[in-house]
Protein chains: 2
Amino acid sequence: MPRRESVTTADVARAADVSKATAARVLSGRGSTSEASRRRVREAAAALGYVPNELAKAMSVGITNTIGVVSPDIANPFFAAVVRGISDRIRSRGIEIIISNTDNDQQIESRALRLLAAKQVDGIVLAPVIPGPGLVAADLSSRGLPLVLLDRRTEGLEAAPLVSLDHAATARLATNHLIALGHTRIAILTEVPELALLQPGSQGRIDRPATQRLWGYLSALAEAGIELDPRLVIGTAYHQSAAEAAVRASLSGSRATALFATNSVVTSGAFRALASLGVSIPKQLSFIGFDDQEWTTMVTPPVSVVAQPPLELGVAAADALMRRIEDPDAPIADAILPGDLLLRASTAAPDDATTAPQGALALQPGRNHKEDR
Amino acid sequence: MPRRESVTTADVARAADVSKATAARVLSGRGSTSEASRRRVREAAAALGYVPNELAKAMSVGITNTIGVVSPDIANPFFAAVVRGISDRIRSRGIEIIISNTDNDQQIESRALRLLAAKQVDGIVLAPVIPGPGLVAADLSSRGLPLVLLDRRTEGLEAAPLVSLDHAATARLATNHLIALGHTRIAILTEVPELALLQPGSQGRIDRPATQRLWGYLSALAEAGIELDPRLVIGTAYHQSAAEAAVRASLSGSRATALFATNSVVTSGAFRALASLGVSIPKQLSFIGFDDQEWTTMVTPPVSVVAQPPLELGVAAADALMRRIEDPDAPIADAILPGDLLLRASTAAPDDATTAPQGALALQPGRNHKEDR
DNA sequence: CTGAAAGCGCTAACAC
DNA sequence: GTGTTAGCGCTTTCAG
């Protein structure tokens, strides 16, 4: 029995002296009712403080007006903004969002998905844990649970549409910008473990965003006829401190004139490294990052970035999911959004003519790059 | 009728050749069952791919294992982190969160609360829209919906516990830090519209966080025997650009040696203003901000701040709500958490002896504070 | 230990 | 236009 006594359609019906059915009809707006009973039911409902029970409604109708959003971490600004975009898009329909964090843990993701399914959500937006495959997701999807993939694809979920940034094109955007400025020695900071992944879609596998971004960089270089120098590819784990260390360790020997950091976390780490190394940006080195984080506009110089529009991704994800819910048999259509190039002050033409001989970066480790303090 | 055909306890019961009741008993773990039927039911369930319907369970039990979190904006890092804290705390209990954004709009808040109530959430964590009172919230609360207030109190909701930062004490922390460094001319950037609110709790009203923070500042000055100079109280709207403009307009005439920005948004605006004015921090001016935003550690110099621990607030909110749900008659107990003082490099002793005569800030508007770019 | 049956609050035929 | 009735899937007495 319910813990809180609540007023039901039956109560309202009794008070309005009509049948449960009539009360339900005026309360739900469906079916036709007389002006008279409409008024009396409304009054009774107001007087009693009737609150409809959406659970009961969902039980009989089979629609909960609730969707699930499963992401690694809602506190991550990117996912928070995506959720915001989804939320904005579906608010008008009276749909609500249940969120779950997975911490990139396959187990937690599976549990979360099952729980959402048990709660009978109408659909799920899933940013899957990276080393897929998501068996539970595939299972639910194959049973008819509308599913939309966010940011990345996972093996076994080919039946779900993907809503994502065009990772490769966005990386190409950044790289081309540097190339257009005249850079040829462009370093990239990437979390792709091996450079062996140079062939896109190699081994029939689905590329992760990081791989796609690396590929975008490589293809931009190739198009420009710039030969790849493996020393310019700096690998790092997905951590600020790791990225910082990687940049400190690898940059000075690379003779790079520009650096492209390929996700928000390593962008922060790289900037920290450059600051502590005393690198003058963009004089000694042009720097372009990923994601429009607030700090990139607060520092000196403001950092140029390529950015994904998270709100728009959220909107697109909501639209894709709604389409899937309303017409499960429609062909699945991915939504791959272009990234933006936000030019600020951290990128400029290489300085080879003036200061550094041959455009190489000569670092003086340990020097602090600002005089104050 | 449900849109997706699903396997129910009845299906499992039939397959296991037991009654619905027995199947339900083993599936839910409640009641006693024989080892034999337990095994058969489990096998049948696994074979059929049984997924329990939490909706139906909720219908009969009256508990949805879902709570609502209503905040102005989930994309705001503070609220995102709070939600994360709540989520982490309740995950082990199998409880999920429905989020709603209000954009600080009373109407939207009301609708969201009603919808959550209709969805029969077990409780709600609410960061109420500032210019209360929340009539709907009060109504729901009085009807027995467990409610916890987050970050700020609202009139009419005295029956709900508050989980919040100790705004006054935290502002005092920041102010005392500056005082201890030797500052006496400490400017404050506040969104409190009128200085008439100097009396805490004046007119019996409930103070907003901004007011409490201002009060903390004032009381710290008073304790230290420093007389308040009204010109040091800089009012601003809750917007970066407004704060930036306010600082640019008011700071030079104030002869301040330190500036305390009392929320995250105006902290960003103030820093921008100081940077564009060419103020040397902390040489000409000590600066302390609010909230541990990432950019405060990326800029030069890193900015000292007082910060609220959002994850801990989330955990406290979750605990408070759970307590309320489990024992609605227990006395309501607020959880007021202390803030942290994070000392970085933007605060130092005033420089009056050396550079500026009488410790006054002499600005050179228009000059850029860094030489590069 | 197990089965039958009632009920949670609402919707949706189906009659009248 | 309105009332009656049968569910939605699960829990929970109440008998046996």
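To find a chain, count down the sequence lines: A is the first, B the second, and so on, and within it residues start at 1.
If you measure from atom CD1 of Ile63(A) to atom P of dT11(C), you get 12 Å, rounded to the nearest angstrom. Met59(B) has its CE atom 8 Å from the P atom of dC8(C), to the nearest Å. Distance CG (Asp11(A)) to P (dC8(C)): 10 Å, rounded to an integer number of Å. Between the C1' atom of dT2(C) and the CZ atom of Arg40(B) lies a distance of 12 Å, rounded to the nearest Å. Rounded to an integer number of Å, the gap from CG of Leu55(B) to P of dT11(D) is 12 Å. If you measure from atom CD of Gln120(B) to atom P of dC10(C), you get 8 Å, rounded to the nearest angstrom. Distance CZ (Arg14(A)) to P (dT2(D)): 19 Å, rounded to an integer number of Å. Across the protein-nucleic acid pair, Lys57(B) atom NZ and dG9(C) atom C1' stand 19 Å apart, rounded to whole Å.
Within 6.0 Å of the NZ atom in Lys119(B), the count of heavy atoms belonging to other residues, nucleotides or ligands exceeds 12. In this structure, Gln107(A) places its CD atom where only 12 or fewer heavy-atom neighbours from other residues, nucleotides or ligands lie under 6.0 Å away. Within 6.0 Å of CZ in Arg114(A) there are 12 or fewer heavy atoms belonging to other residues, nucleotides or ligands.
When the nucleotides dT2(C), dC10(D), dC10(C) are ranked by their closest atom to the side chain of Asn53(A), dC10(C) comes out on top.
Legend: residues meeting side chain to side chain contact (heavy atoms under 4.5 Å, CB included) with Asp329(A), ordered by chain and number and at least two apart, are Asp327(A). Under the salt bridge (charged side-chain N to carboxylate O under 4.0 Å, His left out) criterion, Asp17(A) pairs with no residue at all, not counting sequence neighbours.
The pair Asp122(B)-Arg324(B) fails the salt-bridge criterion, with no side-chain N (NZ, NE, NH1 or NH2) lying under 4.0 Å from an Asp/Glu carboxylate O.
For Ser6(A) and dG9(C), the shortest distance from a side-chain N or O to OP1 or OP2 is below 4.0 Å. Taking only side-chain nitrogens and oxygens, Thr8(B) never comes nearer than 4.0 Å to OP1 or OP2 of dC8(D). Ser32(A) has a side-chain polar atom (N or O) that falls below the 4.0 Å cut-off from OP1 or OP2 of dG1(D). Side-chain nitrogen and oxygen atoms of Ser37(B) include none within less than 4.0 Å of the OP1 or OP2 phosphate oxygen of dC1(C).
Between Leu27(A) and Thr33(B), the one whose closest nucleotide on DNA chain C sits nearer the 5' end is Thr33(B).
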With 3.5 Å as the limit, what N/O pairs link the protein to nucleotides 3-7 of chain D?
{"from": "dG3(D)", "atom 1": "OP2", "to": "Ser19(A)", "atom 2": "N", "distance (Å)": "2.9"}
{"from": "dG3(D)", "atom 1": "OP2", "to": "Ser19(A)", "atom 2": "OG", "distance (Å)": "2.8"}
{"from": "dG3(D)", "atom 1": "OP2", "to": "Thr22(A)", "atom 2": "OG1", "distance (Å)": "2.2"}
{"from": "dG3(D)", "atom 1": "O5'", "to": "Ser19(A)", "atom 2": "OG", "distance (Å)": "3.4"}
{"from": "dG3(D)", "atom 1": "N7", "to": "Arg25(A)", "atom 2": "NH2", "distance (Å)": "2.6"}
{"from": "dG3(D)", "atom 1": "O6", "to": "Arg25(A)", "atom 2": "NH1", "distance (Å)": "3.2"}
{"from": "dG3(D)", "atom 1": "O6", "to": "Arg25(A)", "atom 2": "NH2", "distance (Å)": "3.4"}

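With hydrogens and angles left out, the side-chain atoms of Asp151(B) and Ser164(B) include no donor and acceptor closer than 3.5 Å.
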